[in-house]
Amino acid sequence: MIKSELARVILKVVENLRDELGLRDLPPIILERPKEKAHGDWSTNLAFLLSSQVKLTPQEIATKLVSYLRKELNQVDKIEVAGGGFINFFLKPVSFLPFLPQIIKKGGRYGEINIGQGIKTQVEFVSANPVGPMHIGHGRWAAVGDSLANILEKAGFRVEREFYINDYGSQMDIFAKSVSARYSEILGEKVTFPENGYQGAYIYEIAQEIVDKDGKKFLQVDPIKREQIFKERAYKQVLEHIRKTLEKMGVIFDVWFSERTLHKKGKVKETVNYLKANGCVYEKDGAVWLRTSQFGDDKDRVLIRENGEPTYFASDIAYHKDKYERGFQKVIDIWGADHHGYVKRMKAAMKALRYSDDFLEVIIGQMVNLLRGKDPVRMSKRTGEMVTLEEILDEVGKDALRYFFVSKNTDSALDFDIELAKKESQENPVYYVQYAHARICSILKFAEERGIKQPSLSQVNLSLLRKGEELDLIKKLVEFPEIIEECALSRAPYKLTIYAQDLAALFHIFYTQCRVVSEDECLTKARLLLVKATQTVLKEVLRLLGVSAPEKM
RNA sequence: GCGCUCGUAGCUCAGUUGGAUAGAGCAUCGGACUUCUAAUCCGAGGGUCGUCCGUUCGAAUCGGACCGAGCGCGCCA
């Protein structure tokens, strides 16, 4: 019996008692899974909620409700009033058994729900500037964004993953100047390195590659033109490197969206004009301003600078307008905490465009502090001193890295200690979960070698599964769709890792207590089915988390 | 100064949107491999939920004040 069925029955009972109890309005039926096993499978605080309307104690209300509920519920073993008014439901163990064949039949599709109702949704994340390698923070957003997208898909949203390329503006020019300067330097020319230039060693590498390929050819070229050429080459190279690193992390984007195209197609100007027509724009001090303060921002913001150049804000509005025009009904942006001050104005801009309030959702993720041992790893754009995401990925490994990142709530800042991540690798939670999967594969292989065939569903007597360890495991499997719903609605993939731990733990306990392949043929078949179902869910959870499900370890 | 996020066991974190005696993992200590993988399991110790008020049947959770940490407050991106 599932939550919704139980809730329906309770609601019916309350409605029948409406006049007798003198209820004005009906409270929502809240069912929760109690933390304590002793409190049953489901629990409701309904009596507490009703006590404000009824002149009875919660205890009395609960007792009354229970006397009616008992008649309506046949899948329930026991209903009790406890803790001063909680109503606890203990389901019959048999009622869980039909889920097992369902899981087997659905396979990887088990857990799919439809709260998304196919709405076209975009998750935009990482969006690292294409002027250098990614850092550890990008890794966090890659892991979180990709898993969130996976979960939303599972929950029935139609999802696209998008990477926004900031390939327009002054930073690209500085980038090009930096490469150009290093190019000259490598070829023995005397140059002064541009102020604010990018100091990183990777700039040398890019310059070196140009030298290797084309030699001194560009020394004669006019500096402006040369920078133009280098900009394109270097940019493509960096972007390709970003793409490859993300791919190594198992993150594949559907769309790589270039900021330049917005400018080229006149979308930025078009957007400013559109806002003008909406009456949200005015001129002051030679600049063009958007009245964001009318839509909840602290002050108005500039769209077009005094010098005629649009601001980043203007092109970002155009970008989001473009998202809207591409038919997305919901857009989720994942930004680092250093951009949180930007949220208000962006939300205000969406209002100025007259989009609904829930069109744009911004997830602000707190920063990652990189440590090696106890010491913080200093990183500076200015000096170019930095440890890249790729280096960390190679050192720590994809599975551990993704699991570590996705398992933390994005609201909290996070210390990532490279030494710890490697040293503790044996005790890393990811291996605990993966090990459960590997153990399952081992059992299934063992059974196969013994010539025990995967039984057909009708052959299995599931009611043989009645030990506590077996039932606890089954109940956990039954929870899976609820977990997907919770993760999707709260946009919180980290909750899935908690489920993964719980499920793995219950499997390990089951494994210790219940011999699967035994002399008892019927029991063996029933347990094999349970093991197979566990494997199905575990594998799917790991897939959603972007972590591999090894067959042996 | 203002705004956002965080503060729970020695460490890393949960705590189902206000519920029952605040829970896991790591670390520490003590147990369990002749059997499908011991990267596992079982047990023990460990807490002023940053502090103080308030809201109510009931607060780690909501509100206010304060303390502490991080981030932000550009005609930068």
Side-chain angles (χ1 to χ4, degrees), chain A residues 30-36 38-39 43-45 48-49 51-52 57-59 82-86 88 129 131 166 168-172 196 259 284-289 298-299 301-316 336-344 364-367 369 404 407-415 417 420 424-436 438-447 449-450 482-483 486 490 494-495 497-498 501-502 504-505 507-518 524 527-528 531 552-553:
Chain A
I30 297 168
L31 283 168
E32 36 184 47
R33 293 188 179 276
K35 314 178 229 198
E36 299 264 346
H39 295 148
S43 171
T44 181
N45 61 348
F48 291 97
L49 299 179
S51 66
S52 59
T57 64
Q59 178 86 32
F86 288 97
N88 295 335
N129 290 334
V131 294
N166 299 124
Y168 183 90
S170 54
Q171 57 168 0
M172 290 295 288
N196 309 324
E259 182 183 358
K284 195 183 92 182
D285 305 332
V288 176
W289 298 70
D298 307 319
K299 54 180 180 181
R301 308 289 174 176
V302 171
L303 292 175
I304 311 284
R305 286 185 268 254
E306 214 174 339
N307 68 8
E309 281 292 310
T311 58
Y312 179 80
F313 182 46
S315 67
D316 218 9
D338 50 342
H339 288 83
H340 81 255
Y342 198 72
V343 177
K344 261 192 189 173
I364 293 298
Q366 297 299 314
M367 312 254 92
N369 304 309
F404 184 86
S407 66
K408 313 284 192 229
N409 190 334
T410 47
D411 283 344
S412 300
L414 170 164
D415 290 338
D417 180 350
L420 206 70
E424 279 204 348
S425 67
Q426 293 294 307
E427 285 130 15
N428 191 312
V430 69
Y431 299 109
Y432 182 80
V433 178
Q434 287 182 317
Y435 185 53
R439 262 185 158 175
I440 288 171
C441 293
S442 179
I443 295 171
L444 296 176
K445 197 170 153 224
F446 181 83
E449 283 165 2
R450 292 289 160 104
E482 294 165 35
I483 300 295
E486 171 63 22
S490 58
Y494 80 92
K495 290 180 179 172
T497 63
I498 296 171
Q501 311 279 7
D502 289 349
F507 173 76
H508 286 309
I509 295 168
F510 160 81
Y511 179 89
T512 316
Q513 296 297 321
C514 305
R515 172 87 200 172
V516 177
V517 179
S518 69
T524 298
R527 284 184 172 164
L528 275 175
V531 168
K552 58 180 165 195
M553 287 172 76

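Residue numbers start from 1 in every chain, and the chains themselves are labelled A, B, ... in the order their sequence lines are given, proteins ahead of strands.
Place A:His340 and A:Gly83 on RNA chain B by their nearest nucleotides, and A:His340 ends up nearer the 5' end.
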Please set out all donor-acceptor pairs under 3.5 angstrom arising from side-chain atoms of residues 407-414 of chain A, sequence neighbours excluded.
{"unit_1": "A:Ser407", "atom_1": "OG", "unit_2": "A:Tyr403", "atom_2": "O", "d": "3.1"}
{"unit_1": "A:Ser407", "atom_1": "OG", "unit_2": "A:Phe404", "atom_2": "O", "d": "3.0"}
{"unit_1": "A:Asn409", "atom_1": "OD1", "unit_2": "A:Asp411", "atom_2": "N", "d": "3.0"}

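Among residues two or more places apart in sequence or in another chain, the ring-ring contact (aromatic ring centres under 6.0 Å, His included) test is passed with A:Tyr494 by none. For A:Tyr435, the ring-ring contact (aromatic ring centres under 6.0 Å, His included) partners are A:His508, not counting sequence neighbours. Here A:Arg515 pairs with nothing under the side-chain hydrogen bond (donor to acceptor under 3.5 Å, both in side chains) rule; sequence neighbours left out.
Heavy atoms of A:Lys552 sit under 4.0 angstrom from at least one base atom. The residue A:Cys441 sits apart from the nucleic acid: no heavy atom pair falls under 4.0 Å.
Under the 3.5 Å distance criterion, with hydrogens and angles disregarded, a donor-acceptor pair is assigned to the side chains of A:Gln171 and A:Asn129.
Looking at RNA chain B, the stems built from 3 or more consecutive Watson-Crick or G-U wobble pairs, each pair with its key distances under 3.5 Å, are B:1-7 with B:67-73, B:10-13 with B:23-26, B:28-32 with B:40-44, B:50-54 with B:62-66.
With centres under 5.5 Å and a plane angle under 30° as the test, the ring of A:Phe48 is not stacked against the base of B:G19. Judged by ring centres under 5.5 Å apart and planes tilted less than 30 degrees, A:His508 fails to stack against the six-membered base ring of B:A39.
A perpendicular orientation is assigned to the rings of A:Tyr342 and A:Phe313, their planes being inclined by more than 60° (bins at 30° and 60°). Using cut-offs of 30° and 60° for the angle between ring planes, the A:Phe510 and A:Phe507 rings count as tilted.
Minimum atom distance to the side chain of A:Tyr511 is reached by B:A38, of the listed B:A77, B:G15, B:A38. Nearest nucleotide to the side chain of A:Gln366, out of B:C36, B:C75, B:G70: B:G70.
More than 12 heavy atoms of other residues, nucleotides or ligands shown are found within 6.0 angstrom of CZ on A:Arg305.
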Report, one pair per line, the protein and nucleotides 11-13 of chain B atoms (nitrogen or oxygen only) whose separation is under 3.5 Å.
{"unit_1": "B:U12", "atom_1": "O2'", "unit_2": "A:Lys408", "atom_2": "NZ", "d": "3.1"}

